[in-house]
Amino acid sequence: AQDLGTFPGVEKVIGDAKMTGAHDAFIKAAHDGNPQGFAMHQIIFWVGFFEILTIPAISETMKGGPRAAGDFKFDPLGLGKGDKLARMQLAELKNGRLAMIAT
């Protein structure tokens, strides 16, 4: 997506680096003392934090628990109730199959 467009101010930190070079540009900016270059550290922290939150669900699945794949017991909008759940599961299955075909 960064090859198509960027957020305002990004070019001050990473210049014209494309998506594949953005990581190295952020690390270099942080190493050079640019405080905006520490964005990569924040991204890694928050992604890691949310990965750690999923450990109980993954552990339950690995032990053969009753949890369905993708069910993290977090549904604040109520999308998994009634007929919506079956439709969303089918949409996710089709999305995954399409992604496998595309690669």
Side-chain angles (χ1 to χ4, degrees):
Q2 184 168 343
D3 295 338
L4 302 176
T6 61
F7 290 108
V10 172
E11 56 275 345
K12 293 180 195 172
V13 180
I14 63 171
D16 62 349
K18 298 299 179 195
M19 184 175 9
T20 55
H23 172 269
D24 296 336
F26 272 119
I27 298 301
K28 182 180 182 315
H31 185 266
D32 293 343
N34 184 345
Q36 294 175 336
F38 289 98
M40 182 60 69
H41 295 90
Q42 292 178 19
I43 293 169
I44 291 171
F45 171 78
W46 287 109
V47 168
F49 176 73
F50 287 116
E51 285 291 325
I52 289 171
L53 288 179
T54 63
I55 288 175
I58 293 170
S59 176
E60 183 181 339
T61 301
M62 297 300 260
K63 293 177 183 174
R67 185 184 80 82
D71 182 12
F72 292 100
K73 307 291 188 221
F74 180 75
D75 189 15
L77 300 177
L79 298 175
K81 294 183 176 145
D83 295 339
K84 293 179 183 178
L85 178 61
R87 189 177 69 71
M88 295 295 280
Q89 286 175 333
L90 181 60
E92 186 64 24
L93 185 64
K94 288 181 178 182
N95 182 39
R97 288 178 179 167
L98 183 62
M100 288 188 278
I101 291 171
T103 57

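With sequence neighbours excluded, no residue satisfies salt bridge (Lys or Arg N to Asp or Glu O under 4.0 Å) with Asp83.
As a member of the Ile/Leu/Val/Met/Phe/Trp/Tyr network built from side-chain separations under 4.5 Å, Phe50 groups with Phe45, Trp46, Phe49, Leu53. When hydrophobic residues (I, L, V, M, F, W, Y) are linked wherever their side-chain heavy atoms come within less than 4.5 Å, the members clustered with Ile58 are Met62.
Between the CD1 atom of Ile44 and the CZ atom of Phe38 there is a distance of 12.0 Å, given to the nearest 0.5 Å. Interatomic distance, CZ of Arg97 versus CE of Met100, reported as 7.0 Å (0.5 Å rounding). In this structure, CG in Leu90 is found 11.0 Å from CE in Met88, a value given to the nearest 0.5 Å. In this structure, the separation between OG1 on Thr54 and CD on Glu60 is 12.5 Å, given to the nearest 0.5 Å.
Salt bridge status for Asp24 with Lys28: absent, with no side-chain N to carboxylate O gap under 4.0 Å.
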